[in-house]
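We number each residue from 1, following the sequence as shown. Remember, it's a predicted structure, so these values are computed and weren't measured experimentally. Ligands are counted one by one from 1 in listed order, and the atoms in each one are counted from 1 as well.
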Amino acid sequence: MATLTFCGAAGTVTGSCSRLDTNNGSFLVDCGLFQGNKTAVKLNYEPFPFDASQQKFLILTHAHIDHSGLIPKLVNRGFNGPIYCTQTTAELLEYLLRDGAAIQQSNTKRKNKKNLRRGLPEVEPLYTMEDAEAALALVTPVNYEESFNPTPEVTVKFWNAGHIIGSASAEVKISGETGDDCPLRLLFSGDLGPDEKVFHPEPDAPEGFDYLICESTYGNRDRDDYTLKGRREALRKELIEGLERGGNVVIPAFAVERSQELLHDIGVMLEKGYLKDATVYLDSPLAKKVTHVFQKHARGLDDMGVEPENLFKHKQFRLIESVDDSKKLNQVQSGAIIISASGMCDAGRIQHHLKANLWREDCTILLVGYQSPGTVGSFIQNGFDEIRIHGLNIKLRAEVRRLGNYSAHADQGELVNWIMERSPVIGGLFLNHGEDQSRETLRAILDEKGIEASKIHCPQFDESFELSASCAISKGRSKQTRGNDTLPAFDYHNQYAELNIAINNKLESDASDEEKAKILEAMKAVLDGK
Ligand SMILES: [Zn+2]
C-alpha cells in the first residue's frame with residue numbers, strides 16, 4: 001500500500017515536498033526551500049527526514065524556489081535520479097539554481113567573516129555551485145499532456161497549472177498498490193493560477209482521482225477586481241499618481257513572472273501614451289534572464305496584446321545587468337519606475353533602491369506582492385517610521401501604496417471550482433501549501449459543496465498517510481520530524497527586530513535624557529530578573 005508523506009508546505013506556504021513510498025520504491029514531488037522568518041529558514045539546514053539516495057526520481061511542478069530550492073541539497077545528499085519537469089521549467093531552473101547557489105556562497109562568506117570576528121565556528125553553505133550543476137545534469141524535460149513512465153509501475157502526465165510559465169499539475173498513476181488491476185490515481189495540483197492572468201490560460205486537468213493534493217494558499221481569500229483590464233487600470237492610477245509626486249516609483253517584485261507581468265502591463269500603458277515621460281528600469285540580473293525565457297517562448301503565451309517579437313522591447317524599457325549601471329540608478333531623482341527583486345525586500349538590488357528612495361517624500365514604494373511577516377517588505381507595508389537595511393535605519397517618508405490584485409495564485413472561489421471540477425474524489429483530498437486558517441475555511445466550504453469532511457485532510461508537517469483506493473489513514477507524524485507541527489508566522493527574531501526599532505525610536509524621540517535613562521534601566525532590570 002502506498003504511503004504519502006508531507007515533508008513541507010503543511011500548514012505553511014513554503015518548503016513544498018511530498019514523498020510517495022510504494023511497493024516498488026520511493027519518489028518525491030517537489031523539493032522546495034523553506035522561506036520566511038528565521039525559524040522557517042533554519043529548517044533548510046536540518047537533515048531530510050528520508051534517505052535522499054533511496055528516492056528513485058523527482059517530479060517538479062514548477063520552478064519557484066519554494067518548490068525547487070532544495071534540489072541541489074538533495075543531490076548533495078545522494079539523490080541521483082531523473083528530475084522530471086516541463087521544458088520551460090527546465091530553462092528557468094538553469095538560472096534559479098545557479099542564482100541560489102551564488103547567494104548561498106556569498107551569504108556564507110559574509111557570515112563566516114562575522115563569525116571569525118566573534119570567535120564563532122565557520123558555517124557551511126546549504127549547497128554549492130557544484131551541487132547546483134549536478135542537479136541540473138539530472139533535469140529531464142517532458143511535454144505537457146504526454147504520459148511518461150519514470151518506472152514501469154508509475155505513469156505521470158503534466159497539465160497546465162496556469163501559475164507561472166512552465167507550471168504544471170502532475171497526474172500520477174501507480175500500479176500494484178490497490179490490490180486489483182486498477183492503478184492508484186493521484187493528482188498533485190502544484191501551485192494553481194487564477195482563471196484570468198496574462199500569459200497563461202486557466203488551469204486544466206482531468207477528473208476522477210483517488211486522491212487530490214491541492215494547494216490552499218488563498219483558501220480564505222476571494223479577490224475582487226482582478227480582471228486584466230481592472231488590474232492595468234489600478235496600476236496605471238498608481239503609477240501616474242506616483243510620478244506626479246515628483247520622485248521615483250520603486251516596485252519590489254519577484255524575479256520570476258511578477259517582474260515580467262509588470263513590465264508587460266506597463267508596456268501596454270506606454271503604448272497607449274499614459275506614461276509619456278517615464279523610463280522603466282528592470283534591475284535584477286535574474287529577472288532579466290527570466291525575461292529572455294519569456295521572449296523565447298512568446299509565441300506560446302496567452303493574452304499578449306503585442307506581437308511576440310516585440311515582447312518587453314519598448315523603447316522606454318531599460319533592462320539593467322551590471323552593478324555599475326545599477327548604482328547609477330541611485331542618482332536618478334525623478335521619472336523612474338524601478339522594478340527590482342527580491343519581492344519581499346529581504347535581499348538583492350531592491351535594498352539599494354529602497355535606501356536611495358525610502359527617505360524621500362516625493363517617492364513612492366508600490367507593493368504588488370505578499371509580504372511575509374518579519375520581512376523588510378512587511379515593515380514597509382505596516383508603515384514603520386524607520387526601516388533597517390544593511391545595518392542602517394532609514395526614515396520611511398516615501399508614500400507607500402499597495403496593489404492587491406496581482407497574484408499568481410487561484411483565489412478561494414477558483415480553488416473550490418478547480419477541486420469540484422476534478423470530483424468525484426474517491427479516496428480523499430489533501431489541502432497543503434496553505435496556512436491553517438486558509439485550509440480550514442476551504443475545508444468548510446468544500447464540505448458544504450458535498451465533499452465529505454472526513455475525506456478532507458489538512459496534513460501536518462512530516463505527517464504520513466496510508467492510501468488505499470477508498471480512504472487515507474493517518475500514520476501520524478514521522479519520528480524524524482524537524483520541528484513543531486506548524487511553523488510560527490511571527491517568531492522571536494521578528495519580535496526582536498520590532499523591539500530594536502521601538503527602542504531606537506524612543507531614544508531618538510523628544511523625551512528627556514532622564515526619561516530615556518529610566519526606560520533603559522527598567523529594561524535592564526527585566527533582563528536581570530529584578
Ligand atoms: Zn509557485
Side-chain angles (χ1 to χ4, degrees), residues 6-18 28-36 40 44 58-71 83-86 88-93 95-97 99-100 144 158-170 187-195 197-205 213-219 221 223 226 252-262 286-287 290 293-294 341-344 346 368-372 375 406-412 414-415 418 430-435 438-439:
F6 293 86
C7 308
T12 177
V13 294
T14 66
S16 266
C17 182
S18 304
L28 301 175
V29 178
D30 292 338
C31 190
L33 198 72
F34 291 95
Q35 294 172 300
N44 295 317
L58 168 71
I59 298 169
L60 178 62
T61 59
H62 65 291
H64 270 155
I65 221 75
D66 60 324
H67 291 253
S68 69
L70 282 187
I71 293 176
I83 298 165
Y84 295 102
C85 60
T86 64
T88 329
T89 297
E91 289 173 32
L92 292 175
L93 276 190
Y95 300 126
L96 287 170
L97 296 190
D99 187 70
Y144 281 110
F158 283 136
W159 296 87
N160 166 48
H163 169 60
I164 62 164
I165 193 165
S167 66
S169 299
L187 181 65
F188 290 83
S189 70
D191 285 355
L192 292 169
D195 286 349
K197 188 174 186 305
V198 71
F199 301 137
H200 315 300
E202 63 181 82
D204 186 24
I213 299 91
C214 185
E215 69 121 324
S216 51
T217 313
Y218 286 144
R221 196 177 135 195
R223 281 184 303 267
Y226 72 101
F254 302 111
V256 182
E257 190 98 3
R258 186 62 45 82
S259 290
Q260 291 74 27
E261 282 178 286
L262 285 165
L286 178 60
V290 172
V293 175
F294 273 77
S342 72
M344 297 194 212
D346 266 355
V368 292
Y370 174 69
Q371 306 298 324
S372 179
T375 56
Y406 273 86
S407 178
H409 281 275
D411 70 0
Q412 184 187 70
E414 289 161 340
L415 285 172
W418 187 88
F430 294 96
L431 299 176
N432 71 342
H433 203 286
E435 279 158 14
S438 289
R439 305 197 292 178

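One of the N, O or S atoms belonging to His163 lies under 2.8 Å away from the Zn ion (ligand 1). Among the atoms of His62, an N, O or S atom falls under 2.8 Å from the Zn ion (ligand 1). Residue Asp66 does not count as close to the Zn ion (ligand 1), with no N, O or S atom under 2.8 Å.
Between the side chain of Asn432 and the backbone N or O of Phe6 there is no donor-acceptor pair closer than 3.5 Å. Proximity of a side-chain donor or acceptor of Gln260 to a complementary backbone N or O of Ala287 within less than 3.5 Å is detected. No donor-acceptor pair closer than 3.5 Å links the side chain of Thr14 to the backbone N or O of Phe34.
In this structure, a donor-acceptor pair under 3.5 Å is present between the side chains of Thr61 and Asp30.
The Zn ion (ligand 1) forms the vertex of an angle spanning OD2 of Asp191 and ND1 of His64; to the nearest 10 degrees it equals 160°.
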